[in-house]
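Have a look at the structure below before the remarks.
Keep in mind that what you see is a predicted model, and the values were worked out from it rather than measured. In what follows, every chain begins at residue 1, and chains take the letters A, B, ... in the order their sequences are listed. Basis for what follows: all heavy atoms, side chains included, without hydrogens, waters or symmetry-related copies.
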There are 2 protein chains.
Amino acid sequence: MAKRAIVSQSLDSCPINPVVDLVFSRWTTPILWVLRLHGRQRFNEIERRLPTISPKVLTQRLRQLERDGLVARTYYAEIPPRVEYEMTQLALSLVPVFETLVDWSEAHLHEVEQARHAYDEAI
Amino acid sequence: MAKRAIVSQSLDSCPINPVVDLVFSRWTTPILWVLRLHGRQRFNEIERRLPTISPKVLTQRLRQLERDGLVARTYYAEIPPRVEYEMTQLALSLVPVFETLVDWSEAHLHEVEQARHAYDEAI
DNA sequence: GAAGTCGCTTTCCTTTAGGAACCTACTATA
DNA sequence: TATAGTAGGTTCCTAAAGGAAAGCGACTTC
């Protein structure tokens, strides 16, 4: 808590840092992407579509996304229990942001590859 | 290396993941932001403007940004030595992306705050 | 002669994220 | 009886990131 306060004190000069922490921490964009592509779905469906995520981490990320208001969780007290996850309106408002990133990626990512090769060639 | 390959196998379904790794890994946006705000500058100037970064990490990040083609490094063999860093054209092409993030932040970040409070209140 | 400047590098240490494997209660199915 | 499926929780462990502090070479300043 105190550490976070000190860090943010220096990082607040970068106004996009809160959004980065929110949206671009590990696994959050893949999860949101899967939810966007395949709509409302259950825990195990998400897990199957993200083959390398462990259930522990998936739970952690989904809880965080739920707390941040980006994912809605619906619990059905059936047997066996059923839980469904979906993007919220707030998360949907991020879609244009993602599209901007996809556009940049398509336009410029190969330049990054070139730069890396050039850098590595030059030792 | 092998691990990275396995990970990307499952994360490539999220097409913005390479950009996220590139631009939104820790400290990269604050560094780019400082370079954008204050233009071409020296190592110690960046360090002073990011009070909590350690020189080791700043060096690591600058090298990575240089390799990725986002930052240009100019070395002057004077005594004491002088080094200047600046954004490349490639990095400047990211500015609209950053602005999209700032816009989203201004429009929606308070909703995230509200969602967190609501979640925490509900235990 | 001591200290400061610059752009790092090196070493050591702590923190943290994340993976693996196992566990839960309950039921339907084979 | 055994197995599978449901949505996770728990424990243990390791790899990696990152911070703190010291040092370096070559020179200038006090």
Return the value, rounded to whole Å, for the distance between atom [atom1] of [X] and atom [atom2] of [N].
X	N	atom1	atom2	value
B/E45	C/dG7	CD	C1'	13 Å
B/L58	D/dA17	CG	P	17 Å
A/I53	C/dG19	CD1	P	7 Å
B/Y76	C/dT5	OH	C1'	18 Å
A/Q41	D/dA7	CD	P	11 Å
B/E78	C/dC6	CD	P	12 Å
B/W27	D/dG18	CH2	P	10 Å

Is there side-chain contact between [X] and [Y], with at least one heavy-atom pair below 4.5 Å?
X	Y	answer
A/T100	B/L101	no
B/R67	A/D120	yes
A/W27	A/L58	no
B/I31	B/Y85	no
A/L22	A/L70	yes

Sidechain-backbone polar pair: A/R49 side chain, A/L35 backbone, donor-acceptor under 3.5 Å
no
Is it true that a side-chain atom of B/S105 and a backbone atom of A/V19 form a donor plus acceptor pair closer than 3.5 Å?
no
For the side-chain hydrogen bond (donor to acceptor under 3.5 Å, both in side chains) test, which of B/R42, B/R73, B/Q41, B/R40 pairs with B/E84?
B/R40
Picking from C/dC6, D/dT6, D/dG18, the nucleotide nearest the side-chain atoms of B/R48 would be C/dC6
Please determine whether a side-chain nitrogen or oxygen atom of [X] lies at a distance below 4.0 Å from atom OP1 or OP2 of [N].
X	N	answer
B/N44	C/dG7	yes
B/R61	D/dG18	yes
B/R26	D/dA17	no
A/R82	D/dA7	no

Rounding to 10°, can you tell me the angle the first-five-pair axis of the helix from C/dG1-D/dC30 to C/dA30-D/dT1 makes with its last-five-pair axis?
20°
Sub-3.5 Å pairs of nitrogen or oxygen atoms, protein against nucleotides 8-13 of chain C:
residue	atom	partner	partner atom	Å
C/dC8	OP1	B/R63	NH2	2.8
C/dC8	OP1	B/R73	NH2	2.5
C/dC8	OP2	B/Y85	OH	2.4
C/dT9	OP1	B/R63	NH1	3.4

Test applied, side-chain contact (heavy atoms from CB on, under 4.5 Å); reference residue, B/V23; option that passes from B/V97, B/L65, B/L94
B/L94
Is the shortest distance from a Lys or Arg side-chain nitrogen in B/E113 or B/R116 to a carboxylate oxygen in the other one below 4.0 Å?
yes
Pairs under 3.5 Å (N/O, protein and nucleotides 27-30 of chain C):
none

For the residue pair A/R61 / A/Q64, report whether a side-chain donor-acceptor contact shorter than 3.5 Å exists.
yes
If the plane angle is over 60° it's perpendicular, under 30° parallel, otherwise tilted; pick one for A/F98 and A/W33.
tilted
